[in-house]
*Asks:* 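Sharing a structure with you now.
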Amino acid sequence: MNTVLKHLPTLIRASLDGEKRTVELSTLSIIRKLKKEEPQLSSELAKILATYNAGAPMTRSMGIDPPPVDKDSFMSLVNISDQSEFDEIVVLNPALNNLISNFLKEREAIAKLIANDVKPPNSILFYGPPGVGKTLLSKYIAHKLRLPLISLDLSSAISSYLGSTGKNLKKVLEYGKSAPSVLLLDEFDAVAKRRDDPSDLGELKRIVNVLLKELEEWPYQSIIIAATNHPEFLDKAIWRRFDIKIEISYPDEGERIKLWDVYLNKKNVIKIDSLFLTTIAKSFEQLSPSDIKQISERVLRQVLVENVDPIENLISQLKELGKQDSTLFNKIMVKNLKEVYKAKISQAKIAKMLGISPSTVSHHLKSK
């Protein structure tokens, strides 16, 4: 109930100021908070909100119009999400954290920048390998700026709407500009390819020209974020149109330790010591946050359902990744376990962990 009371000042102030969008968002938050403890009250508030909106879609409660649809299939062209209840884990290295923090500070100071004839940043290009957190960071930015997130996967848009891709993309861009929001164009390389690529269709070359014009004239009130796993495919002119270009790489060792800790160590489920997590982080460099989260969830499920040993199960899950052959996997783990634990672990214990013989452990320790 205390968390609900925190919304009251905002709700009352917004009501007196006539800020409909804030009233609706605050009411939605209160409904979510009351759902378990006061289901009847929560239901009553939901009915009031539904009646007030006269059956309008949820998008209106976020201060935006219903999303555009494809004229042939009548399917929505975008996904819209409210990130006000964002609670995912974001682990950033200092350099990346500094870039994101500076962007958020400049967006918060947008009025001051405009008053002094300085263009506020409103476009970001995220690039890096799959699973490193490009979409997650987009959600985080929408959450911090209290804006709805509008998402379009360009690769699926092209395959589904070939022949009318340009028209549909234009609809989405116009929609993103119509109200304050964060527009995420995922798989951006699908439409922003180099115009000198002879393999591309003529329509895609025209789309690049549309994107260039839109990025140049994107309104201050909204933010456009593009994400790609293949920056090398992007047209050179596209790069120049983005205010900020941010490369997101695989997490470093320190970040990997934090990610393993937050995803694996759950209260009343398991607790894996920091030395073992350090060993895992040292042994597997090319793991994305998404990889670490998925592996951790599989381990937790096995521990809860099958009551297996968490460390042995984690090792088994890592072996199945196929990042190294089994001999190399065992050799790396043996050497790193001994290096991290030093005298605190025996060869017999290492052998049991990895499911190999003590003589194999001894062989790996002696080898270069």
Side-chain angles (χ1 to χ4, degrees), residues 20-21 24-25 53 56-83 103 107 110 114 119-126 134-135 138-139 141-142 145-193 195 200-228 234-235 237-244:
K20 174 186 169 185
R21 177 172 178 256
E24 292 174 341
L25 285 174
N53 279 329
M58 186 62 69
T59 51
R60 189 167 300 170
S61 70
M62 290 189 282
I64 55 178
D65 294 326
V69 297
D70 177 67
K71 69 174 185 177
D72 297 319
S73 67
F74 299 105
M75 292 176 61
S76 174
L77 293 171
V78 295
N79 292 317
I80 302 172
S81 58
D82 176 7
Q83 297 300 320
F103 174 79
R107 287 300 305 183
I110 184 171
I114 292 173
K119 179 184 180 296
N122 62 352
S123 59
I124 304 177
L125 175 62
F126 286 138
K134 298 184 288 293
T135 301
S138 301
K139 292 179 179 179
I141 287 171
L145 295 178
R146 301 173 296 282
L147 293 173
L149 179 69
I150 304 168
S151 305
L152 170 66
D153 185 330
L154 288 163
S155 61
S156 63
I158 287 178
S159 62
S160 300
Y161 310 119
L162 190 59
S164 58
T165 303
K167 291 179 182 177
N168 284 331
L169 181 59
K170 184 76 173 175
K171 286 182 186 177
V172 170
L173 292 170
E174 290 296 329
Y175 184 66
K177 294 191 296 184
S178 66
S181 61
V182 175
L183 173 61
L184 170 62
L185 303 178
D186 206 1
E187 304 291 345
F188 191 56
D189 52 278
V191 295
K193 287 185 177 180
R195 284 168 291 179
D200 274 343
L201 300 171
E203 183 184 5
L204 293 183
K205 290 181 171 65
R206 290 191 292 273
I207 288 173
V208 173
N209 291 327
V210 170
L211 285 169
L212 289 169
K213 185 174 184 297
E214 292 292 343
L215 286 167
E216 188 72 32
E217 301 174 356
W218 199 255
Y220 295 151
Q221 64 179 3
S222 291
I223 295 165
I224 184 167
I225 298 177
T228 178
L234 297 184
D235 190 273
I238 288 286
W239 285 86
R240 295 194 294 270
R241 293 298 194 277
F242 284 92
D243 297 320
I244 302 171

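Sequential numbering from 1 along the given sequence is applied to the chain's residues.
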*Asks:* Give, for atom CG of Leu212 and atom CD1 of Ile238, the distance between the pair rounded to the nearest 0.5 Å.
*Replies:*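 Spacing of CG (Leu212) from CD1 (Ile238) equals 4.0 Å.
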*Asks:* What pairs with Lys213 under side-chain contact (heavy atoms from CB on, under 4.5 Å), at least two apart in sequence or on another chain?
*Replies:*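 Glu217.
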*Asks:* Would the distance check show the side chain of Asn122 and the main-chain N or O of Trp218 forming a donor-acceptor pair, the cut-off being under 3.5 Å?
*Replies:*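 Such a contact is found between Asn122 side chain and Trp218 backbone.
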*Asks:* Do you know the tightest heavy-atom contact between Ser222 and Ala179?
*Replies:*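 That closest heavy-atom pairing would be OG-O, 2.8 Å.
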*Asks:* Are side-chain heavy atoms of Leu173 and Leu211 found at a separation under 4.5 Å?
*Replies:*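 The answer is yes; the side chains approach within 4.5 Å.
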*Asks:* How would you list, by chain and number, every residue that makes a side-chain contact (heavy atoms from CB on, under 4.5 Å) with Ile110, sequence neighbours excluded?
*Replies:*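 Here the qualifying residues are Arg107, Ile114, Pro120, Tyr220.
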*Asks:* Is there side-chain contact between Ile141 and Ile124, with heavy atoms separated by less than 4.5 Å?
*Replies:*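 Result yes, sub-4.5 Å side-chain heavy-atom pair found.
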*Asks:* With a 4.0 Å cut-off, would you call Glu214 and Arg241 a salt bridge?
*Replies:*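 Here Glu214 does not pair with Arg241 in a salt bridge, since their nearest N and O are not under 4.0 Å apart.
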*Asks:* Run the salt bridge (Lys or Arg N to Asp or Glu O under 4.0 Å) test against Lys171 and tell me which residues pass, sequence neighbours left out.
*Replies:*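 Not a single residue meets the salt bridge (Lys or Arg N to Asp or Glu O under 4.0 Å) criterion with Lys171.
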*Asks:* Considering non-hydrogen atoms only, spot the tightest contact between Ile150 and Gly176 and give its length.
*Replies:*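 Minimum heavy-atom contact is CD1-CA, 4.4 Å.
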*Asks:* Give, for atom CG of Asp186 and atom NZ of Lys134, the distance between the pair rounded to the nearest 0.5 Å.
*Replies:*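 Going from the CG atom of Asp186 to the NZ atom of Lys134 covers 7.5 Å.
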*Asks:* Please round to the nearest 0.5 Å and tell me the distance separating atom CD of Glu174 and atom CG of Leu169.
*Replies:*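 Taking CD in Glu174 and CG in Leu169, the distance rounds to 10.5 Å.
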*Asks:* So which of Ile223, Leu145, Leu147 actually passes side chain to side chain contact (heavy atoms under 4.5 Å, CB included) with Pro180?
*Replies:*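 The passing option is Leu147.
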*Asks:* Please list, chain by chain and in numerical order, all residues satisfying side-chain hydrogen bond (donor to acceptor under 3.5 Å, both in side chains) with Thr228, sequence neighbours excluded.
*Replies:*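 By the side-chain hydrogen bond (donor to acceptor under 3.5 Å, both in side chains) rule, Thr228 matches Asp189.
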*Asks:* Of all the heavy-atom pairs spanning Gln83 and Ala142, show the shortest one and how long it is.
*Replies:*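 Looking at all heavy atoms of both residues, the closest pair is CG-CB, 4.0 Å.
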*Asks:* Restricting to non-hydrogen atoms, name the atom on Pro121 and the atom on Ile244 that form the minimum distance, rounded to 0.1 Å.
*Replies:*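 What the structure gives for the nearest pair is CB-CD1, 4.3 Å.
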*Asks:* For Phe242, which residues count as a ring-ring contact (aromatic ring centres under 6.0 Å, His included) partner, sequence neighbours excluded?
*Replies:*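 Phe242 satisfies ring-ring contact (aromatic ring centres under 6.0 Å, His included) with Phe188 only.
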*Asks:* Can you name the side-chain hydrogen bond (donor to acceptor under 3.5 Å, both in side chains) partners of Ser123, sequence neighbours left out?
*Replies:*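 Applying side-chain hydrogen bond (donor to acceptor under 3.5 Å, both in side chains) to Ser123 gives Asp243.
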